[in-house]
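Below: the structure, in structure tokens.
What's counted below: heavy atoms across the whole structure, side chains too, no hydrogens, waters or symmetry copies. Lettering follows sequence order; numbering is per chain, from 1.
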Protein chains: 2
Amino acid sequence: MKPPAPRRRVTIVDVARHAQVSTTAVSKVLRNAYGASPEMRAKVRRAIDELGYRPHAGARGLRGQTYTIGVMLPDIRNPFFPEVLDGITQALEDTEYQVLLGPGCNGEKAEARVTEAMIDRGMDGLILVAPVSSRTRLEHVASAVPTVVVGRHGSSPGYDAVVNDDIEGASLVVGHLAGLGHRRIAHIEHHETDPTRLAEMPNARRADGYRQAMRALGLAEWIDVVSTSYTQEGGYRGAKELLERPQRPTAVFAGADVVAMGVLDAVAEAGLSVPDDISVAGYDNTTFAAFGLISLTSVDQAGHEIGRNAARLVLERITDRHTPSVQVSLAPTLVPRRTTARPPE
Amino acid sequence: MKPPAPRRRVTIVDVARHAQVSTTAVSKVLRNAYGASPEMRAKVRRAIDELGYRPHAGARGLRGQTYTIGVMLPDIRNPFFPEVLDGITQALEDTEYQVLLGPGCNGEKAEARVTEAMIDRGMDGLILVAPVSSRTRLEHVASAVPTVVVGRHGSSPGYDAVVNDDIEGASLVVGHLAGLGHRRIAHIEHHETDPTRLAEMPNARRADGYRQAMRALGLAEWIDVVSTSYTQEGGYRGAKELLERPQRPTAVFAGADVVAMGVLDAVAEAGLSVPDDISVAGYDNTTFAAFGLISLTSVDQAGHEIGRNAARLVLERITDRHTPSVQVSLAPTLVPRRTTARPPE
DNA sequence: CTGAAAGCGCTAACAA
DNA sequence: TTGTTAGCGCTTTCAG
């Protein structure tokens with residue numbers, strides 16, 4: 001059995017003929033542009049409905065816009081990003097813009113491929129979530145198309161930015177733990193060598209925030225940072241190392257929830273219990289953290305708000321490419337759960 | 001400070017002029033089309049590199065292809081789908097095709113919006129993962145663009161399909177539990193009313209497979225199905241109900257891992273322990289399931305393979321739209337972990 | 001307010 | 001093998 005022959009697409013010419021007007025008129029109605037009488041609009045609208053006409057985005061893009069916003073997500077598996085995405089789509093839901101996602105961006109090469117692909121497809125604006133590419137590269141992208149960078153500290157005149165205040169977030173965790181009576185609070189960070197990224201990436205800021213908060217609370221002597229990676233495996237290795245210390249920490253602040261998962265694993269394996277023997281906190285407030293059996297104390301970044309702001313900014317930037325770039329920083333909140341408690345006597 | 005003025009894009013005309021050839025020649029080189037001498041190819045390639053030329057996908061789409069494959073994912077949060085996506089992107093990685101994802105497709109309306117948007121953008125092929133839209137709707141989409149449907153049983157001449165053998169998967173779980181000595185094995189299914197979907201959706205097949213397997217093992221009298229939804233909440237409610245039975249089941253087969261999470265929650269709340277008092281199994285083998293502290297027995301659908309097959313099929317369908325449609329069914333495997341054990345004496 | 005006509009960047013049909 | 005030319009479907013001047 002054969003699939004039916006593909007039908008010819010209804011074009012603007014069909015609509016114009018059917019409505020007895022010019023294609024220009026139809027185009028104006030489509031774009032709500034100035035210069036079309038109410039009667040004409042009504043006539044055209046009717047023709048559009050009757051024919052089931054849909055404008056061809058690619059063809060529109062050749063002269064005007066494609067009404068498409070590209071979103072690049074680094075890791076679809078990290079449960080924090082869907083939150084941001086929801087914020088973006090919700091903010092764009094009532095506009096004519098359609099969101100399209102670029103998948104699987106692990107590393108600079110993949111990011112370059114995806115951003116290029118989006119530019120080639122004439123996207124009107126880009127939202128890059130937690131990109132790892134160099135600043136130069138980001139500015140290059142931004143010079144081709146309005147761009148908002150999410151989750152990278154350090155601003156650029158070339159693009160707008162939305163970040164979470166990671167220093168503050170780390171401080172919330174340390175403060176919470178110290179308030180419970182902990183002194184030996186350790187931190188597991190994501191290993192970072194690149195000097196640019198050292199300044200701009202959230203992971204580095206969280207480690208910084210941890211150190212600053214420890215000092216501010218007079219706990220400088222207990223500062224203890226293990227460098228692994230923001231993965232479950234990294235958390236597991238980091239915790240292993242911490243548990244072998246002569247003086248074991250009584251609390252571990254993992255730089256991300258996935259890391260905390262690995263920590264919980266290692267702690268259980270060592271025959272210790274959480275939070276009686278050791279407290280554990282994460283960052284991101286992912287679904288994992290909220291899950292009853294785990295109930296991980298974490299920091300909420302308000303991903304939804306981050307997304308909404310990014311969407312708003314990219315729309316503004318599309319409308320006016322020449323206003324100065326802006327940076328939005330959102331305050332995180334602490335979500336205390338059952339993995340943190342008073343330290344053992 | 002103002003963003004730099006956007007540079008004019010390098011076009012095929014620029015390349016042609018720079019290489020001293022016609023635009024046709026450049027176009028041929030771009031598409032590896034017949035009729036260009038090696039010297040010409042080399043010359044054009046060099047010009048392309050020197051100018052940093054990139055073809056404009058929208059413009060290409062107006063005559064030929066856009067080299068874009070659209071993937072629609074129902075719920076980015078469900079950890080099973082990234083697996084499928086990885087399979088797709090990997091299979092497409094060495095081709096000229098770029099994958100773009102449509103976000104947030106919960107419900108028929110959202111699905112329609114996304115599929116329309118993809119068609120409007122001239123995508124060359126679509127992969128629809130676990131769509132809920134009506135068969136008619138899917139065939140409508142497929143009539144406009146080569147389409148592969150993933151995770152819907154029931155074939156159509158209009159589109160290719162890739163599915164997991166859910167009946168077999170359910171059978172693996174029931175067999176495993178029965179082998180451990182369980183008799184009172186209950187199932188939590190996703191409530192389904194729509195008659196079409198009743199036949200085509202994986203959730204319905206899993207419930208069917210459960211019933212068939214129970215009968216085949218002579219356990220028909222213990223068949224016990226609770227209808228809630230494939231969410232953590234649904235699992236929680238379903239388990240609550242099961243735990244109140246005069247004769248409590250000794251094992252619960254949850255139709256999905258997220259459901260099993262809710263079950264674990266409810267079981268813990270009831271003061272029972274897993275697997276000593278009650279065994280729990282899920283379906284999908286998500287990251288959740290693999291996580292050490294949970295260690296959920298589950299069914300692996302080989303999401304990666306599903307994705308690879310879908311990508312392969314869509315490419316074939318783009319090349320030749322007139323071969324008969326095909327259905328691929330992949331066998332699932334059981335992944336026994338620590339939530340299932342012998343029933344209590 | 002309305003429409004004719006000229007492209008946007010590319011590919012395909014056709015000539016040379 | 002190569003180049004010329006006519007569109008693809010739309011937006012955008014620019015006359016009327």
Side-chain angles (χ1 to χ4, degrees), chain A residues 6-44 47-48 51-68 96 116 119-124 144-145 318, chain B residues 6-44 47-48 51-68 96 116 119-124 144-145 318:
Chain A
R7 309 141 302 185
R8 196 180 70 78
R9 223 186 137 87
V10 178
T11 75
I12 201 173
V13 179
D14 301 320
V15 176
R17 191 162 30 210
H18 191 258
Q20 318 244 51
V21 296
S22 71
T23 58
T24 311
V26 180
S27 177
K28 279 180 176 164
V29 173
L30 286 176
R31 292 172 291 116
N32 290 312
Y34 175 81
S37 63
E39 306 87 69
M40 164 148 279
R41 285 185 192 284
K43 214 164 38 168
V44 171
I48 287 176
L51 298 179
Y53 166 74
R54 305 209 33 130
H56 187 293
R60 300 181 92 170
L62 233 40
R63 293 307 301 258
Q65 307 186 27
T66 57
Y67 299 93
T68 313
E96 299 205 77
E116 288 301 314
I119 295 171
D120 296 344
R121 278 153 190 81
M123 300 211 171
D124 300 329
V145 52
I318 289 171
Chain B
R7 309 142 301 184
R8 195 181 69 79
R9 224 187 137 86
V10 179
T11 76
I12 202 173
V13 179
D14 300 320
V15 176
R17 190 162 31 210
H18 192 256
Q20 318 245 49
V21 297
S22 71
T23 59
T24 310
V26 179
S27 177
K28 279 180 175 164
V29 173
L30 285 177
R31 293 173 291 116
N32 291 313
Y34 176 82
S37 64
E39 306 87 66
M40 163 146 280
R41 284 185 192 285
K43 216 167 31 171
V44 171
I48 288 176
L51 297 179
Y53 166 75
R54 303 209 35 130
H56 187 293
R60 300 181 93 170
L62 233 39
R63 294 309 303 259
Q65 308 186 27
T66 57
Y67 298 92
T68 313
E96 300 205 77
E116 287 302 313
I119 295 171
D120 296 344
R121 278 151 189 81
M123 300 211 171
D124 300 329
V145 53
I318 289 171

Could you state the atom-to-atom distance from [atom1] of [X] to [atom2] of [N] in whole Å?
X        : N      : atom1 : atom2 : result
A:Gln65  : D:dG9  : CD    : C1'   : 17 Å
A:Arg9   : D:dG9  : CZ    : P     : 9 Å
A:Leu30  : D:dC10 : CG    : C1'   : 9 Å
A:Tyr34  : D:dT13 : OH    : C1'   : 16 Å
A:Arg54  : D:dC8  : CZ    : C1'   : 19 Å
A:His56  : C:dC8  : NE2   : C1'   : 14 Å
A:Leu51  : D:dG9  : CG    : P     : 14 Å
B:Asp124 : D:dC8  : CG    : P     : 19 Å

Is a side-chain donor or acceptor of A:Thr66 paired with a backbone partner of A:Gly122 at a separation under 3.5 angstrom? yes
DNA chain D nearest-nucleotide lookup for A:Tyr53 and B:Lys28: closer to the 5′ end is B:Lys28
Considering only side-chain heavy atoms of B:Leu62, which listed nucleotide, D:dC10, C:dC10, D:dC8, is closest? D:dC8
Winner on side-chain proximity to A:Arg60, out of D:dG3, C:dC10, D:dT11, is D:dT11
For C:dT11, does OP1 or OP2 lie under 4.0 Å from any side-chain N or O of B:Thr23? no
Which atoms form the tightest heavy-atom contact between B:Arg60 and B:Pro55, and what is the distance? NH1-CG, 3.5 Å
Considering non-hydrogen atoms only, spot the tightest contact between B:Ile318 and B:Asp124 and give its length. CG1-O, 3.4 Å
When we call it a touch if two heavy atoms are under 4.0 Å apart, what does [X] touch: a base, just sugar-phosphate, or nothing?
X       : value
A:Thr11 : sugar-phosphate
A:Ala33 : nothing
B:Arg31 : sugar-phosphate
B:Val26 : nothing

Salt-bridge present (A:Arg9, B:Asp120; N to O < 4.0 Å): yes
Tell me, with the steps shown, if A:Tyr53 and A:Leu30 meet side-chain contact (heavy atoms from CB on, under 4.5 Å). CA-CA 11 Å; A:Tyr53 166 74; A:Leu30 286 176; 3.7 Å; yes
Should the side chain of A:Thr24 and the base of D:dT11 be counted as holding a donor-acceptor pair, with the cut-off at 3.5 Å? no
Between D:dG9 and A:Arg63, counting only base atoms on the nucleotide and side-chain atoms on the residue, is there a donor-acceptor pair under 3.5 Å? no
Closest nucleotide of DNA chain C for A:Met40 versus for B:Val10: which of these residues is on the 5' side? A:Met40
